[in-house]
Amino acid sequence: MSAMEKKSASVIVIGGGVTGLSAAWWLARDGVDVLVIEKGIVGWEASGRNGGGCTHYQSPLFDEEQRLWPQMDELLGYPTEYRRERVIMALTDAQLAQYQDHGDICARMGYHYETLDAKQTRELVPLAGDNVVGAVHYHFGGQANPQRSVQAYAWALQDKGGRILQHTAVSSIVTKGGRVTGVETSLGRFDCDHLVLAAGPQTGALLDTIGIYLPVAPARAEMIVTEPLPLMRIGGVDGNGLYGRQTLRGNLAYGGGPHEWLEDTGPDGRTAAGGIAARPASQLLQNLSKRLVELFPRAAHVRVIRSWAGIIENTPDGRPVIDRLDEPGNLTVATMSSVGFGLSPAAGHAIRDLVMEGRCSFTDIDKLGLDRFANLPRDWRARQGWVPPVLSDFATPARLPA
Ligand SMILES: Cc1cc2nc3c(=O)[nH]c(=O)nc-3n(C[C@H](O)[C@H](O)[C@H](O)COP(=O)(O)OP(=O)(O)OC[C@H]3O[C@@H](n4cnc5c(N)ncnc54)[C@H](O)[C@@H]3O)c2cc1C
């Protein structure tokens, strides 16, 4: 039987997004026999479709995110196109004050930022226009290419002996005597000593197969890509409700609200009605394009050449869940609540620590525990207003949220 046909592993990871791949790579570096089971192809969901931002100062994983990204190309042995620094442009004085508040939080943690006036902003960001009021310039943070990063994780994992099984859906988790013994898949049963569940928006539905409740709501978000423009010195420039980056080829790749809440999905990622709508909608594309032109008036002449939608996984408080459960004690759960790309190097490290040592070695992740939702009412989505729109809400552009 070949290594790929072996229907067991010391650690099985469900989900070949950046969280699962990074966790598997960290484990494989320690010589662990690890198998990633992915229902589609690696990175096909949010992990390959996101804005590439790596600047999450609200997270307990922030220091590790900032420490690791500048080393990732070398550690993985493949390019992620990571570039350091980030600029947040303000189109109003109130926005500038708000961004400075965020910069001050980072400064208190030891990260350097500076405020730029309008002229300095236009010098640093040649596509900015006369409408810019100023900017904050982070000398930390940054952005990487999501597709290159997914590929880099996958190749690096395989280089260390890890296995990836694509086009294989996990339908349920198998337990015996209070421990996980394996998973049922479209290719039959696979056994493991430890299970890492990193299935993005489907994490909750898979946990539900063993009676554990994890609240996670899927939402559709969109990105647009323009024709290439001359490269700016800094690739990561945000503002006007948009996040994204200039690719190394020069395209502007941007996304950012409004997001559309979707129905809950089952373990296979499908809704009761049979599908999830990860497809772009023209009204949202117009909204993104309009705001991109406001952010970069000197790019108003270029055309939008591509767009796509992706599904974002959201927990009720917007923070990831990264937790090794008490029971089953050999199950580690990770769902990243919309910040999973940037945090992936650090999240993988934390998951490796939980699997190997039972605790995170480099930071306190207690507030990422699943038990914080123990008393959450099951109708939390309705209470928070996180419910799918009535189709007629999207019938006319006039009904779109601003
Ligand atoms: C448009 C957009 C922009 C974003 N921008 C940013 C950003 O700038 N910065 C940032 O940090 N984050 C961003 N995010 C969020 C980020 O992409 C996600 O948090 C991150 O990719 C989550 O990674 P993951 O591996 O946990 O989940 P996913 O990427 O969702 O991967 C989970 C994988 O599990 C697989 N799977 C699910 N169910 C099963 C099953 N039953 N059996 C087998 N496999 C299964 C899926 O096929 C999928 O490949 C953005 C997301 C979107 C959609």
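Atoms within each ligand, like the ligands themselves, are counted from 1 in listed order. Along the sequence shown, residues carry numbers from 1.
- A donor atom on one side chain and an acceptor atom on the other are not found under 3.5 Å apart for Ser10 and His194.
- At least one heavy atom of Glu313 lies less than 4.0 angstrom from ligand 1.
- Residue Gly255 places no heavy atom under 4.0 Å from ligand 1.
- Other residues, nucleotides and ligands contribute more than 12 heavy atoms inside 6.0 Å of the CG atom of Asp379.
- Atom 4 (C) of ligand 1 has as its closest protein heavy atom Asn50 CB, 3.1 Å.
- Around atom 42 (N) of ligand 1, the closest heavy atom drawn from Ile311, Leu206, Val170 belongs to Val170.
- Between Thr19 and ligand 1, a contact under 3.5 Å exists for at least one N or O pair.
- Checking only distances, Ser337 never comes within under 3.5 Å of ligand 1, N or O to N or O.
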message: The test is salt bridge (Lys or Arg N to Asp or Glu O under 4.0 Å); show your working for Glu81 and Arg83 and say whether it passes.
response: CA-CA 6 Å; Glu81 296 181 9; Arg83 281 181 292 162; over 6 Å; no
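- At a heavy-atom distance under 4.0 Å, no atom of Val42 approaches ligand 1.
- When heavy-atom distances to ligand 1 are checked against a 4.0 Å cut-off, Ala46 comes that close through both its backbone and its side chain.
- Counting all heavy atoms, side chain and backbone alike, Pro388 lies closest to Arg381 at CD-NH2, 4.2 Å.
- Of the heavy atoms in Ser47, both backbone and side-chain atoms come closer than 4.0 Å to ligand 1.
- In this structure, Ser344 does not count as a contact residue of ligand 1, since none of its heavy atoms falls inside 4.0 Å of the ligand.
- Of all the heavy atoms in Val339 and Pro320, the pair that sits closest is CG2-CG, 3.9 Å.
- The nearest protein atom to atom 39 (C) of ligand 1, hydrogens excluded, is given as Lys39 CD, 3.8 Å; this is a heavy-atom distance.
- Residue-to-ligand polar distances place Gly342 within reach of ligand 1: an N/O pair is separated by less than 3.5 Å.
- Within the listing of ligand 1, atoms 43 (C) sit less than 4.0 angstrom from a heavy atom of Thr168.
- Those atoms of ligand 1 that come under 4.0 Å of a heavy atom in Glu45, given as number and element, are 30 (O), 46 (C), 47 (O), 48 (C), 49 (O).
- Counting heavy atoms of neighbouring residues, nucleotides and ligands inside a 6.0 Å radius, atom CH2 of Trp44 does not exceed 12 of them.
- Using cut-offs of 30° and 60° on the angle between ring planes, the pair Phe140 and Tyr138 is parallel.
- Side-chain N/O atoms of Thr209 and Ser172 include no donor and acceptor closer than 3.5 Å.
- For ligand 1, the polar-atom distance check finds an N/O of Gly340 within less than 3.5 Å of one of the ligand's N/O atoms.
- Ligand 1 has His56 within reach: a non-hydrogen atom of the residue lies less than 4.0 Å from it.
- Geometric assessment of Arg306 against the ring of Trp308 yields a negative cation-pi assignment under the 6.0 Å and 45° thresholds.
- Looking at Leu343 next to ligand 1, no N or O pair under 3.5 Å apart turns up.
- Sorted by first and then second residue, the pairs that involve residues 234-247 and meet salt bridge (Lys or Arg N to Asp or Glu O under 4.0 Å), not counting sequence neighbours, are Arg86-Asp238.
- Short contacts between ligand 1 and Gly53, defined as distances under 4.0 Å to a heavy atom of the residue, involve ligand atoms 7 (C), 8 (O), 9 (N), 10 (C), 11 (O).
- When each atom of ligand 1 is checked for a heavy atom of Phe341 under 4.0 Å away, the hits are 10 (C), 11 (O), 12 (N), 16 (C), 20 (C).
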- prompt: For Phe296 and Tyr254, what are the C-alpha separation, side-chain angles and deciding distance, and is it a ring pair (Phe, Tyr, Trp, His ring centres under 6.0 Å)?
  reply: CA-CA 12 Å; Phe296 297 124; Tyr254 276 80; 5.7 Å; yes
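- The shortest N or O to N or O distance between Met336 and ligand 1 is not below 3.5 Å.
- Asn251 and Thr226 form no side-chain donor-acceptor contact under 3.5 Å, judged by distance and modelled atom types alone.
- Among protein heavy atoms, the minimum distance from atom 27 (O) of ligand 1 is reached at Gly200 CA, 3.6 Å.
- Between Glu45 and Lys39 there is a salt bridge, with a side-chain nitrogen of the basic residue lying less than 4.0 Å from a carboxylate oxygen of the acidic one.
- The single protein non-hydrogen atom nearest to atom 49 (O) of ligand 1 is Glu38 OE1, 2.6 Å, given as residue, atom name and distance.
- Residue Val339 has at least one N or O atom closer than 3.5 Å to an N or O atom of ligand 1.
- Across Arg179 and Pro328, no two heavy atoms sit closer than the pair CA-CB, 4.1 Å.
- Taking distance alone, with nitrogen or oxygen atoms compared against 3.5 Å, Arg49 stays at or beyond that limit from ligand 1.
- Ligand 1 has no nitrogen or oxygen under 3.5 angstrom from a nitrogen or oxygen of Gly310.
- The protein heavy atom nearest to atom 34 (O) of ligand 1 is Gly15 CA, 3.2 Å.
- The N/O atoms of Ile312, backbone and side chain alike, include none that comes under 3.5 Å of an N/O atom in ligand 1.
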Would you mind writing out the side-chain donor-acceptor pairs for residues 340-352 within the sub-3.5 Å range, not counting sequence neighbours?
{"from": "Ser344", "atom 1": "OG", "to": "Tyr153", "atom 2": "OH", "distance (Å)": "2.8"}
{"from": "Ser344", "atom 1": "OG", "to": "Phe341", "atom 2": "O", "distance (Å)": "2.8"}
{"from": "His349", "atom 1": "ND1", "to": "Glu64", "atom 2": "OE2", "distance (Å)": "2.7"}
{"from": "Arg352", "atom 1": "NE", "to": "Asp30", "atom 2": "OD2", "distance (Å)": "2.5"}
{"from": "Arg352", "atom 1": "NH1", "to": "Glu357", "atom 2": "OE2", "distance (Å)": "2.8"}
{"from": "Arg352", "atom 1": "NH2", "to": "Asp30", "atom 2": "OD2", "distance (Å)": "2.9"}
{"from": "Arg352", "atom 1": "NH2", "to": "Glu357", "atom 2": "OE2", "distance (Å)": "3.2"}

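- Looking at Arg359 and Asp353, no side-chain N of the basic residue comes within less than 4.0 Å of a carboxylate O on the acidic one, giving no salt bridge.
- Distances shorter than 4.0 angstrom occur between a heavy atom of Tyr243 and an atom of ligand 1.
- In summary, the atoms of ligand 1 found under 4.0 Å from a heavy atom of Ala169, numbered by their order in the structure, are 42 (N).
- To the nearest 0.5 angstrom, Leu61 atom CG is 11.5 Å from Arg319 atom CZ.
- In the candidate list Gln202, Met223, Arg245, Gln202 is nearest to atom 38 (N) of ligand 1, counting heavy atoms.
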